[in-house]
Amino acid sequence: MSKKLSGFPEFLPRERIVEQQVLDHLRRTFELHGFANVETRAVEPLDVLLRKGEIDKEVYAVKRLAADPAEPAELALHYDLTVPFARYVLENAGKLEFPFRRWQIQKVWRGERPQQGRFREFTQADIDIVARDVLPFHFDVEVARVMAEALAGLPIPRATLQISNRKILEGFYLGLGVADPTAVMQVVDKLDKVPAERIRELLLEQGLDAPQAERILALAEIVTTDTSFVQRVEALGVEHELLAEGLAELAQVVKGASDVDGVTVTADLRIARGLDYYTGTVFETRLEGWEHLGSICSGGRYDELAKDRRSTYPGVGISLGVSRLLVPLALAASRSVPSAVLVAVDAEESRSISDTIAGALRYRDIPTEVAPAAAKFGKQIQYAEKRGIPYVWFPPSSVKDIRSGEQVDADPTTWTPPLEDLTPTILTKEQLS
RNA sequence: GUGGGUGUAGCUCAGCUGGUAGAGCACCGCCUUGUGGUGGCGGUGGUCGCGGGUUCGAGUCCCGUCACUCACCCCA
């Protein structure tokens, strides 16, 4: 009965309009900051995708139906936009100007079990800045700012950008005499799910002593909305060159991004990011009241985004899970069509009059459609109402706001609806109820 | 991949210990022969997820299967 494929969402027009407006906003924000757009192919050679390791089971392999069933697949759908981008940078390094900043919004695929906010096919919006050999640190600040601004402009619950720095954690652990900082990081990264007591046990199992575990947990407890985390870390009395470097970096990012209105920016030393390739700044993002969705937007600095025989390409970037971001929204637009005006048709013989009126409105960028049939006017009004079209134009020169019932004489070459009626608007959950 | 829950109309659901399928909403028409939203009357619409079994008879019981869903894992 239900042909719905779990994890592969499809929207109704009313919902798609909401998504579309979110995407438009993101693009506008990214381009306002000078990011250029790139689109990469949907498939990559399997070995390129698996380079990052671990995630192999989530990758969808692709091969021709006619291929020999015994033959292993060579291609796979990309499961993020970072790896394809790294490949693209290498391939086009000779033609790109560095530092290169790009935005990219595309579908990605992951073979996970779906649940709320987790999809098998979903849209990611990425920004990355990549350079050849050296990427100045201020770009870490910029990427955080741009994404913070993008989030601030959306009608979603308040977002908290949680920023940390791998160098702090690694330096702190090294300063404590921990042999395998990465293993500790992966344990600490689970702090939001696993109680601190259990984390302590796990740390002790790794061969740390109680005072070490104590201070590691104390570090992870530090969350501040300003640069005061620096003093708090220093008060723990651990010293290491890498730690000092990380503290200075994180302070810069927090200071640089914290004045964006509408989002909260925190230095959050719980954030470690399980995965390997991050080398400095790391980001995660939660939505207030929707923490159970997990991070909607993550990323960080990778000193070795890509590498060829001649050069290394360091990068810093952040990925927004657009599909997940949409979950808290009511996903309803004020109407299911772009039309702001429906021009009624008096009789089929005079349809051309209506067409002319519609043309005059469209000429001035007012989205307009003409009634499908010369039905009774009541029917034509209903047609508009069902779709949420706010205005019905009765030829030759009368326009009615069908929400208020107010009807005025008007000239199609000069009449304009209020700005808020020109395009569909996103309704919040409150507005719906 | 592991474990739990659920599959009856477009949607939300009812259907008692097995007796040949219902409600509300939505949709269409009429009351209303050219300006809607309320009201009244009427109507369309279901291989009860799929396959097998038990039975005179299965939406209802049994087995299998698929799908959806929640949690774990992991991540946007």
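Proteins come first, then strands; the chains are lettered A, B, ... in the order of their sequence lines, and each starts at number 1.
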Query raised in the report: Using Watson-Crick and G-U wobble pairs with both distances under 3.5 Å, what is the 5'-to-3' dot-bracket string of RNA chain B, with [ ] for crossing pairs and | for pairs outside the strand?
Result: (((((((..((((.....[..)))).(((((.......))))).....(((((..]....))))))))))))....
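Between A:Lys386 and B:C28, a side-chain N or O to OP1/OP2 separation shorter than 4.0 Å is present. A close approach under 4.0 Å does occur between a side-chain nitrogen or oxygen of A:Ser6 and OP1 or OP2 of B:U69. Between A:Lys376 and the phosphate of B:U33, there is a side-chain N or O to OP1/OP2 separation shorter than 4.0 Å.
Atom-to-atom, NE2 of A:His292 to P of B:A71 comes out at 8 Å; the value is rounded to the nearest Å.
Comparing B:G36, B:A76, B:G34 by their nearest atom to the side chain of A:Lys400 picks out B:G36. Which of B:G36, B:A71, B:A76 sits closest to the side chain of A:Ile402 comes down to B:G36. When the nucleotides B:A76, B:U35, B:C70 are ranked by their closest atom to the side chain of A:Gln116, B:C70 comes out on top. The side chain of A:Ser298 lies closest to B:A76 when the candidates are B:G34, B:A76, B:G36. Nearest nucleotide to the A:Ser319 side chain, out of B:G36, B:G1, B:A76: B:A76. Which of B:A76, B:U33, B:G36 sits closest to the side chain of A:Gln382 comes down to B:G36. Which of B:G29, B:A76, B:C74 sits closest to the side chain of A:Gln124 comes down to B:A76.
Distance noted for atom P between B:G7 and B:G49: 9 Å (whole Å). To the nearest whole angstrom, the two P atoms, one in B:G43 and one in B:G1, are 50 Å apart. Taking atom P in both B:U12 and B:U2, one finds a spacing of 29 Å when rounded to whole Å. For the C1' atoms, the distance linking B:G53 with B:U44 amounts to 37 Å, nearest Å. Comparing B:G18 with B:U6, their C1' atoms sit 22 Å apart, to the nearest whole Å.
B:G36 has no base stacking with the ring of A:Phe377 when judged by centroids under 5.5 angstrom apart and an interplanar angle below 30°.
No salt bridge links A:Arg28 with A:Glu31; every basic N to acidic carboxylate O contact stays at or beyond 4.0 Å.
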